[in-house]
Amino acid sequence: MRKLLFFGVLLTVFVACNNSRQHTIAELLQEPTAGEMVSTYGEVCHVCHCTSKRCLLVNENMQCILVEWKDSTKKFSQALMRRNIKVSGTLKSKVLSRKRVEEMLEHAKEHESAVKINESQRILKWMDDNGKSSYTSYYIECLDYKEID
């Protein structure tokens with residue numbers, strides 16, 4: 001009975017961990033579903049210098065998505081810069097105010113991060129074009145990653 005129970009738990013964990021769908025960054029941004037288990041891939045174009053808890057993945061069209069560790073003890077290495085990785089985790093959302101996006105833009109300019117500058121400017125333009133004072137941003141709460149070729 002114990003062996004059967006153990007096998008059942010093991011099978012449940014295996015299915016849950018492999019139940020995330022592979023997405024491109026463009027697909028995640030086009031049809032986001034917060035709370036969904038996802039995996040995606042891209043080039044690391046930024047690793048947060050302050051805490052190393054976050055990185056930005058970018059695709060060939062300069063679309064990017066933030067990846068943030070769920071486990072507060074884990075960090076992204078600066079050595080991942082310009083490397084391709086595949087991440088798995090939960091897609092999350094957060095609402096950004098205009099003030100927050102403007103702060104992000106200033107921070108990006110201070111660190112000379114072209115991708116972050118472009119993304120902040122794109123969000124501000126969208127807010128202006130749509131008469132909005134906030135923007136819903138999506139990010140991946142990372143459970144695991146691996147380098148890919």
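Atoms considered below: every heavy atom in the structure, side chains included; atoms not considered: hydrogens, waters and symmetry mates.
At a threshold of 4.5 Å between non-hydrogen side-chain atoms, the residues Tyr41 and Thr24 count as touching.
Atoms CG and CE, on Leu96 and Met127 in that order, are 7.5 Å from each other to the nearest 0.5 Å. Atom CD1 in Ile65 sits 5.5 Å away from atom CG in Leu91 (nearest 0.5 Å). Going from atom CD of Glu102 over to atom CD1 of Ile123 covers 12.0 Å, rounded to the nearest 0.5 Å. The structure places CD of Glu141 at 9.5 Å from CE of Met37, a figure rounded to the nearest 0.5 Å. For the atom pair CZ of Arg100 and OG of Ser120, the computed distance is 9.0 Å after rounding to the nearest 0.5 Å. The structure places NZ of Lys53 at 10.0 Å from CD of Glu68, a figure rounded to the nearest 0.5 Å.
Here the closest non-hydrogen pair linking Val115 and Cys64 is CG1-SG, 3.9 Å. Among all heavy-atom pairs drawn from Leu57 and Thr40, the shortest one is CD1-CG2, 4.3 Å. Nearest heavy atom pair, residue Gln22 against residue Glu27, reads O-OE1, 4.2 Å. The two atoms that bring Leu28 and Val38 nearest to each other are CD2-CG1, 3.8 Å, heavy atoms only. Of all heavy-atom pairs between Ser134 and Val95, the closest is CB-CG1, 3.6 Å. Listed here is the closest heavy atom pair of Gln63 and Ala26: OE1-CB, 3.2 Å.
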With side chain to side chain contact (heavy atoms under 4.5 Å, CB included) as the test, would you mind laying out the steps for Met104 and Glu119 before giving the verdict?
-> CA-CA 9 Å; Met104 289 168 44; Glu119 183 67 6; over 6 Å; no
Would His107 and Lys116 satisfy side chain to side chain contact (heavy atoms under 4.5 Å, CB included), going step by step from the backbone distance to the final call?
-> CA-CA 9 Å; His107 183 77; Lys116 289 178 73 174; 3.7 Å; yes
Dump the intermediate steps for side chain to side chain contact (heavy atoms under 4.5 Å, CB included) on Ile117 and Leu105, then the final yes or no.
-> CA-CA 6 Å; Ile117 291 170; Leu105 178 59; 4.0 Å; yes
Begin with the C-alpha distance, continue with both residues' side-chain angles, and end with the deciding distance and a verdict on side chain to side chain contact (heavy atoms under 4.5 Å, CB included) for Cys55 and Tyr145.
-> CA-CA 12 Å; Cys55 72; Tyr145 81 90; over 6 Å; no
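Within a 6.0 Å radius of NZ in Lys94, other residues, nucleotides and ligands contribute more than 12 heavy atoms.
Across Arg54, Lys75, Gln78, a single residue satisfies side-chain contact (heavy atoms from CB on, under 4.5 Å) together with Cys48, and that is Arg54.
At a threshold of 4.0 Å, the pair Asp128-Arg98 counts as salt-bridged, since one of the basic side-chain nitrogens sits closer than that to a carboxylate oxygen.
Using cut-offs of 30° and 60° for the angle between ring planes, the His49 and His46 rings count as perpendicular.
Under the 4.5 Å side-chain contact rule for hydrophobic residues, Leu66 and Trp69 do not share a cluster.
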